[in-house]
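These values consider heavy atoms only, across backbone and side chains, with no hydrogens, waters or symmetry-generated copies.
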Amino acid sequence: MTEVKSGDTVRIHYTGKLTDGSVFDSSEGREPLEFTVGSGQVIEGMDAGLVGMTAGEAKTLDIPADQAYGPSHDEARQTIPREGIPDDIPLEVGTQLQMQAPTGEVLPVTVVEVTEATVTLDANHPLAGKDLIFDIELVSIN
């Protein structure tokens, strides 16, 4: 039986959960996710967890935050005056927006707090600082 090694292209079905059991993503009802192991296309813990698996095998990966989306950084949160955001942009907690960094780079941000005077935006990945659990099934190795 062929085992997964770095450089192989694999196809997997997966369900990603937080440690409280809530599902944040799944390939259920979709085509399997295809990527090259070790290429940086998926989080580090997923790459490492697939090595040695064989087609048809299923397992659960417990991936700590430092092998997933990294820690949450306080400096990635910014509070700005509410009037600094155009009136036509909805300001509800959880709303995803895009901000332009001083370098010109476009950053996705999430509204995390809204008061009458300010809006707090978070540029951390929504899963930063979280340990993740993936139930995976290796569909194929190429």
Side-chain angles (χ1 to χ4, degrees), residues 1-82 84-116 118-142:
M1 286 263 229
T2 304
E3 292 186 353
V4 174
K5 63 187 177 317
S6 187
D8 287 341
T9 297
V10 297
R11 296 178 74 211
I12 66 167
H13 275 298
Y14 67 91
T15 298
K17 300 180 284 192
L18 300 176
T19 54
D20 68 3
S22 60
V23 174
F24 63 83
D25 193 14
S26 175
S27 65
E28 186 176 335
R30 301 189 310 226
E31 286 294 310
L33 175 65
E34 182 175 298
F35 60 95
T36 301
V37 176
S39 67
Q41 293 173 292
V42 296
I43 58 175
E44 179 185 340
M46 176 77 72
D47 265 341
L50 286 165
V51 173
M53 287 184 70
T54 57
E57 186 178 351
K59 72 178 180 179
T60 298
L61 301 176
D62 291 308
I63 303 175
D66 66 341
Q67 292 180 21
Y69 294 95
S72 181
H73 297 284
D74 289 341
E75 62 272 15
R77 292 172 66 108
Q78 181 180 11
T79 300
I80 60 174
R82 191 176 177 126
I85 298 179
D87 291 338
D88 62 331
I89 294 179
L91 293 177
E92 295 177 9
V93 171
T95 300
Q96 301 277 319
L97 303 173
Q98 290 187 342
M99 246 176 87
Q100 189 163 0
T103 60
E105 174 184 15
V106 175
L107 298 172
V109 295
T110 303
V111 176
V112 293
E113 185 179 355
V114 179
T115 69
E116 285 190 29
T118 64
V119 177
T120 302
L121 304 172
D122 189 344
N124 283 295
H125 187 283
L127 296 173
K130 298 184 181 343
D131 296 333
L132 307 178
I133 300 165
F134 280 92
D135 294 323
I136 59 171
E137 177 189 352
L138 181 59
V139 176
S140 66
I141 307 168
N142 294 326

*Asks:* Do any N or O atoms from the side chain of Thr54 and from the backbone of Glu57 form a donor-acceptor pair under 3.5 angstrom?
*Replies:* no

*Asks:* Taking only Lys NZ, Arg NE, NH1 and NH2, and the carboxylate oxygens of Asp or Glu, determine whether Arg77 and Glu113 approach each other closer than 4.0 Å.
*Replies:* no

*Asks:* Ignoring hydrogens and geometry, is there a side-chain-to-backbone donor-acceptor pair from Thr95 to Glu92 under 3.5 Å?
*Replies:* yes

*Asks:* Classify the ring geometry of Tyr69 against His125: parallel below 30°, tilted from 30° to 60°, perpendicular beyond 60°.
*Replies:* parallel

*Asks:* Any chance you could measure Glu34, atom CD, to Asn142, atom CG, to the nearest 0.5 Å?
*Replies:* 6.5 Å

*Asks:* To the nearest 0.5 Å, what is the distance between CG on Leu132 and CE on Met46?
*Replies:* 9.0 Å

*Asks:* Would you name the heavy atoms of Arg30 and His13 that are closest together and state the gap between them?
*Replies:* O-CE1, 3.3 Å

*Asks:* What distance do Asp135 atom CG and Lys59 atom NZ have between them, rounded to the nearest 0.5 Å?
*Replies:* 12.0 Å

*Asks:* Could you pull out the closest heavy-atom pair between Gln96 and Thr110, with the gap in Å?
*Replies:* NE2-OG1, 3.0 Å

*Asks:* Check whether any side-chain heavy atom of Leu18 lies under 4.5 Å from a side-chain heavy atom of Leu127, and answer yes or no.
*Replies:* yes

*Asks:* So which heavy atom on Gly7 is nearest to which on Thr36, and how close?
*Replies:* O-CG2, 3.6 Å

*Asks:* Please report the shortest heavy-atom distance between Val112 and Val93, naming the atom on each side.
*Replies:* O-CG2, 3.8 Å

*Asks:* Output the distance between atom NZ (Lys17) and atom CG (Asp25), rounded to the nearest 0.5 Å.
*Replies:* 13.0 Å

*Asks:* Can you measure from CE (Met1) to CD1 (Ile141) and round to the nearest 0.5 angstrom?
*Replies:* 9.0 Å

*Asks:* Salt bridge or not for Lys5 and Asp8, using N-O below 4.0 Å?
*Replies:* yes

*Asks:* Should Phe35 and Leu50 be marked as a side chain to side chain contact (heavy atoms under 4.5 Å, CB included) after you check the CA-CA gap, both sets of side-chain angles, and the distance that decides it?
*Replies:* CA-CA 11 Å; Phe35 60 95; Leu50 286 165; 3.2 Å; yes

*Asks:* So, Ser27 side chain and Tyr14 main chain: donor-acceptor pair closer than 3.5 Å or not?
*Replies:* yes

*Asks:* Please report the shortest heavy-atom distance between Leu91 and Val114, naming the atom on each side.
*Replies:* O-CG2, 3.6 Å

*Asks:* Would you give the length of the straight line joining atom OG1 of Thr79 to atom CG of Leu121, rounded to the nearest 0.5 angstrom?
*Replies:* 8.0 Å

*Asks:* Using only atom types and a distance under 3.5 Å, with no angle test, would you say the side chain of Asp47 pairs donor to acceptor with the backbone of Gly38?
*Replies:* yes

*Asks:* Looking at every non-hydrogen atom in both residues, tell me the closest pair between Pro64 and Asp131 and how far apart they are.
*Replies:* CA-OD1, 3.3 Å

*Asks:* Quick one: does Ile136's side chain get under 4.5 Å of Met53's, heavy atoms only?
*Replies:* yes

*Asks:* Show your reasoning for whether side chain to side chain contact (heavy atoms under 4.5 Å, CB included) applies to Leu33 and Val42.
*Replies:* CA-CA 10 Å; Leu33 175 65; Val42 296; 4.3 Å; yes

*Asks:* Should Asn124 and Ser72 be marked as a side chain to side chain contact (heavy atoms under 4.5 Å, CB included) after you check the CA-CA gap, both sets of side-chain angles, and the distance that decides it?
*Replies:* CA-CA 6 Å; Asn124 283 295; Ser72 181; 3.3 Å; yes

*Asks:* Applying side chain to side chain contact (heavy atoms under 4.5 Å, CB included) to Ile12 and Phe134, what does each step give before you reach the verdict?
*Replies:* CA-CA 11 Å; Ile12 66 167; Phe134 280 92; over 6 Å; no

*Asks:* Using a strict cut-off of less than 4.0 Å between a Lys/Arg side-chain nitrogen and an Asp/Glu carboxylate oxygen, indicate whether Lys130 and Asp20 qualify as a salt bridge.
*Replies:* no

